[in-house]
Each structure stands twice: as C-alpha cells, then as structure tokens.
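As structure tokens, the structure follows; a few thoughts come after it.
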2 protein chains.
Amino acid sequence: MRERKDRDRTFSRRSLTGQVAHSLGMQIVCGEIAEGEVLATEEAASRAHSVSRTAYREAIKVLTAKGLVDSRPKIGTRVRPRDDWNMLDPDVMQWASKLATTTDFADSLFEFRLIIEPEAARLAAEKQLEEKINMIATGLEIMETTEPSTQENLDADLAFHAAILNASGNEFLRSLNHMVDALLIWSFEISSRKEGIRAASVPLHRSVYNCILKRDGNGAKQAMAHLLQSAREDIDQIVLPDNEGDQASANRVGPTQR
Amino acid sequence: MRERKDRDRTFSRRSLTGQVAHSLGMQIVCGEIAEGEVLATEEAASRAHSVSRTAYREAIKVLTAKGLVDSRPKIGTRVRPRDDWNMLDPDVMQWASKLATTTDFADSLFEFRLIIEPEAARLAAEKQLEEKINMIATGLEIMETTEPSTQENLDADLAFHAAILNASGNEFLRSLNHMVDALLIWSFEISSRKEGIRAASVPLHRSVYNCILKRDGNGAKQAMAHLLQSAREDIDQIVLPDNEGDQASANRVGPTQR
DNA sequence: AAACTTTATTAATCATACAATAATGTAAAA
DNA sequence: TTTTACATTATTGTATGATTAATAAAGTTT
C-alpha cells in the first residue's frame, strides 16, 4: 500500500530545478562549498549546471527557503553559516545523512531522537487518540508479518514511527516525521549490511505499542527509549567497526561519493 | 549588539518574491486557502498579486520547499495536507503564530518546548562547552540589566534561549533556535499587553544558568521546565482571559482537531 | 468493460531585456 | 590628508514571450 510516492515528500527531484537544488544543497551540506563562500554568478552557475538562469534561480530560492544561502544584488549568493541551516528540514536532513561518515552524525541523531520519540510515545499513551493509535497497530502488524530488510518492512517501520509522532497529538512533533523518515532510511541502508539486526527490533516495537494500549505513559516512554538505544548500538557496531582506535577505520565506511 | 539583522533569519520580505511567499504562506497556514485546494494558474495568480510569473513562480518554489504546496502540470499548484507542512520551519512557525487566537497553538507550543528545552539545558550542563556557556551568560546579564518589555531585553531573551540550544552541542537542537525565536517574539507581543509579567521570569533564567555552571544536569532540566511552565501560565492568563467555560479549559490539553 | 489514443490544460523551461541595488572607485571639498 | 559626494559597474531582481513537456480527462477502439 505504501508505495514510492511516500518517498516523494521531500523536494521533488524530477524537475530540473529540483535536481539543481539537490546537487547544490548536497555540496553545501557536505562542505564542498564552504560556509561564507560566494557562489558563481547566476549567469555562470546556470551555465555550469547546463540549465537556464530561470531554473537555477528557482533552485536557489529553494535553498534560501531552507536557510542554506542568501542572495543579494552586487554581492552574489553566499552560503550562510551552518547555524542558520534548517537541519530539521527533511531535505537538509537527507543531504546531511549522505556524509555521515563520522559517528558524530549518528550520535547527534540518536541523542535527538531519544529526546523526541520517547516523549511522543508517552503523549500517545496519555492522550489515547483512538484512530491515530490504530495506525500504529497497522504499521506494527506489517512489521511482524514481513521479512526484515525488505522494502515493505522498512515502509512499515517508517509508518510505525510516523504514527507514534502523529498520535502524540502535537503538530510540532508530528512535523518531525519526515525527518525521522530520512533517518530511518539512512539507518536502514547502513544496517542492511549486517544480517539479523533488524529482526531483533520487532519485539521492541511491540512493547512500545502495548504500553500505549495500556495507557502506560512512562512505560511507553521507556520502551521507546530502549528501542532507540538498541538501534543506536546496532548502528554504532557498523559505523565504528571494531575500534582499533584509529581514524582510518572510522572513515572506512565512506559515504556514497559521486 | 544584536540588531535588526537577527530578525532577518527568516525568508526575506524585501523582494517581491518574498512578499508573495509571505502572503500566500500566511493564507495557507491560516486556512484561508484550504488543504487540497488548487491555486489559480500561474498566469492568473501572478496577475492577482500584480507580479510577473517569474516572481510568482519563485514564491511557489519557496512554499514548495517548506512542504506547503506541490505543483504539477495539468493539475496546478495544490495545497498539501497539513501533515506534510514543515511546522518547524521558522517562517511557517511565524505564519502560524499569527493565527494563534486559540489556546491550541499555545498549548502545542509549550508542550513541544517543554520536551526540547529542558533536555537542551541538561545537555548543556553535562557537556560543559565553555565558550557556548559563556554566551548564555552574556544573554542573561543583559536580561538582568535592561528594562523588561524593551527590544533590548527581548533580544537578550532570544539570545539566552538560543545559547542554551547551542550549548547542548547537538546541531538538531540548535536548529530549533530560529523557531524558538519566532515563538518568543510571539509571546513577547502577547505578554507585553500585561505589565510586570516579564520581569518575574528573570530569576528563573538565572537559576537555569546557575545549574548549568554547577554541572547539575537534572537541576538545569528542572529549572528550564519551571521557567517554561511559568511562561505558559502567563500566556494562558492572557490568551484565555478568565475562562467562563469549564468545559473548554478541560479540553484545553486536546490536540488540534480539524 | 477494458485498453489505448487523442486532446486540452497547465506547469516547466528557455532566452532576452531591463530595473534596482549596493560595493567600489573617483573626484571634489574640507 | 580626510571626508564627502558622486559616478561606475557588477550582480541579483523583475518582467515578458515563446516553446516544451507532463498529464488528467475525454474520446476511441477493441
């Protein structure tokens, strides 16, 4: 039921504008274009990307909207300081995840999710918004009845986490679901390198849901925290594979270089 | 020290494109243009706004980047379901705050901040990133030495909260600072209707800082929670001025129904 | 009824021209 | 010499028209 379409919630890459925004956004987030750096003029840059100035400008507007750049006449388009980037924007998030060579990214990520998602689970248990809780069940059931490391299983996982955020009844928390999607897809790609990891997490999902059903707010919160910590350990095992302590091994799991 | 420039971190309203994006974005977030609704064609809409198609299209790209709309040939530009909006985007946040007539908005808001900011304070206390903690002090000192309800005092308040998020050492938390800015400005405008409210909060800020200095993570967390709860009560007093309906106040914690 | 064409509508893209802006250099004035 | 005022110029901002591509909906055939 959940098809590819759900993946399109981030800025569309079908259009030329989308492609340029994606390409430039990635370069900026990955540091290939440094903070404070001024991009080539529209004239030159659009030619470099083989698109019209119009298409290029629209791409820049997209990046501007996400806080990545700022354009001014006579100055040019300058990359804004990292502090101003909207890291919680699903696209920025996804771009950033591509360069997640260091464990820093994974750490910040799980630290953040550990703040957000357990509380969302608690709120879901306390508020008991029936229809929304049913959607959690739906995701969970598919997770339990499909093979781990399949597309369908991942989609169910995404649906589960999105449903929890949604069932928190807080629209700011709900807004994080696109971001969490980007993350889950990232960790799916990482963790599918190693067998058996994902299967183990299904019961943890179940116990989160059970607590919510029982209206056990603190239980749900703890269960979710447990689930995330478990996921973090799995990821750490891979991203930081047998630490002999040197930089090289940490960098070994390189990003998808273009 | 902190001038107007800091207020410009959201999408610039100087350009025509910015004005149109602002106007349309506001209409969408406020529900004047409903979810699922299809906007007029570029041709018509741009004329309605008295701008060129170029400027209008660029505005649409901005809204697309924030998840508010989606354009396709033969379909037109359609307002996406509320679930897809990036509520954490500073601009969207600011637009949404304009329609905060209901307490729902304030409630969701404080619920969210109560999840985020106390944890940020705890992390700041635990990680002890010296330079960043100094920035907290700077904001606090200005708060303590300026008149409440002045621009300077508000700016110091913004700086204080931003510094805490920053000192959490987590870049996702840090990203929330623009959003929190929008909120603080909103509550400043609300609360400045009533005298004396803001002065009372200064000691609460101080105790958050003291806990961070003492490396008391849980203390900092609780102090921040206390600060926010106090702010919430102040706002509630004004937004919901002497509730005549007990029913209404009982349901107050409810979700944003639609 | 189903599958497939066609058509009409709309955004997407391109090319070009001109306007507005602001950094920088230049000359006049103190 | 320093400052002020002014002109220069590079860059984005805005406007317009033309062309292309995508696609939903209507129509046609099987």
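Between B/Arg14 atom CZ and C/dA22 atom C1' the separation is 12 Å, expressed in whole Å. The interatomic distance linking B/Leu16 (CG) with C/dA19 (P) rounds to 15 Å, in whole Å.
For A/Glu58 and A/Lys61, the salt-bridge test fails: no basic side-chain N is under 4.0 Å from an acidic carboxylate O. A salt bridge between A/Glu42 and A/Arg53 is present, with a side-chain N of the basic residue lying under 4.0 Å from a carboxylate O of the acidic one.
In this pair, B/Phe112 and A/Phe172 present their aromatic rings tilted. The plane angle is within the 30 to 60° band.
Applying a 4.0 Å cut-off to non-hydrogen atoms, the residues of residues 43-56 of chain A that approach DNA chain D are A/Arg53, listed by residue number.
Residues passing the side-chain contact (heavy atoms from CB on, under 4.5 Å) test with B/Asp89 are A/Asn86, B/Lys66, B/Asn86, B/Asp91, B/Val92, sequence neighbours excluded. Scanning for side-chain contact (heavy atoms from CB on, under 4.5 Å) contacts around A/Ala231 gives A/Phe110, with sequence neighbours left out. Scanning for side-chain contact (heavy atoms from CB on, under 4.5 Å) contacts around A/Ser15 gives A/Thr17, with sequence neighbours left out.
In terms of modelled atom types and a separation under 3.5 Å, the side chain of B/Asn170 and the main chain of A/Ser108 share a donor-acceptor contact. The backbone N or O of A/Trp85 lies less than 3.5 Å from a partner atom in the side chain of B/Ser175, making a donor-acceptor pair. The backbone N or O of A/Ala182 lies less than 3.5 Å from no partner atom in the side chain of A/Gln94, so there is not a single donor-acceptor pair.
The outermost nucleotides of DNA chain D lying under 4.0 Å from heavy atoms of chain B, listed 5' to 3', are D/dT14 to D/dA24.
A side chain to side chain contact (heavy atoms under 4.5 Å, CB included) with A/Leu68 is found for one member of A/Leu24, A/Val79, A/Val29, A/Thr77 and no other, namely A/Val29.
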Identify the pairs formed between an N or O of the protein and an N or O of nucleotides 6-10 of chain C at a distance under 3.5 Å, and give each distance.
| from | atom 1 | to | atom 2 | distance (Å) |
| --- | --- | --- | --- | --- |
| C/dT10 | O2 | B/Lys74 | N | 3.4 |

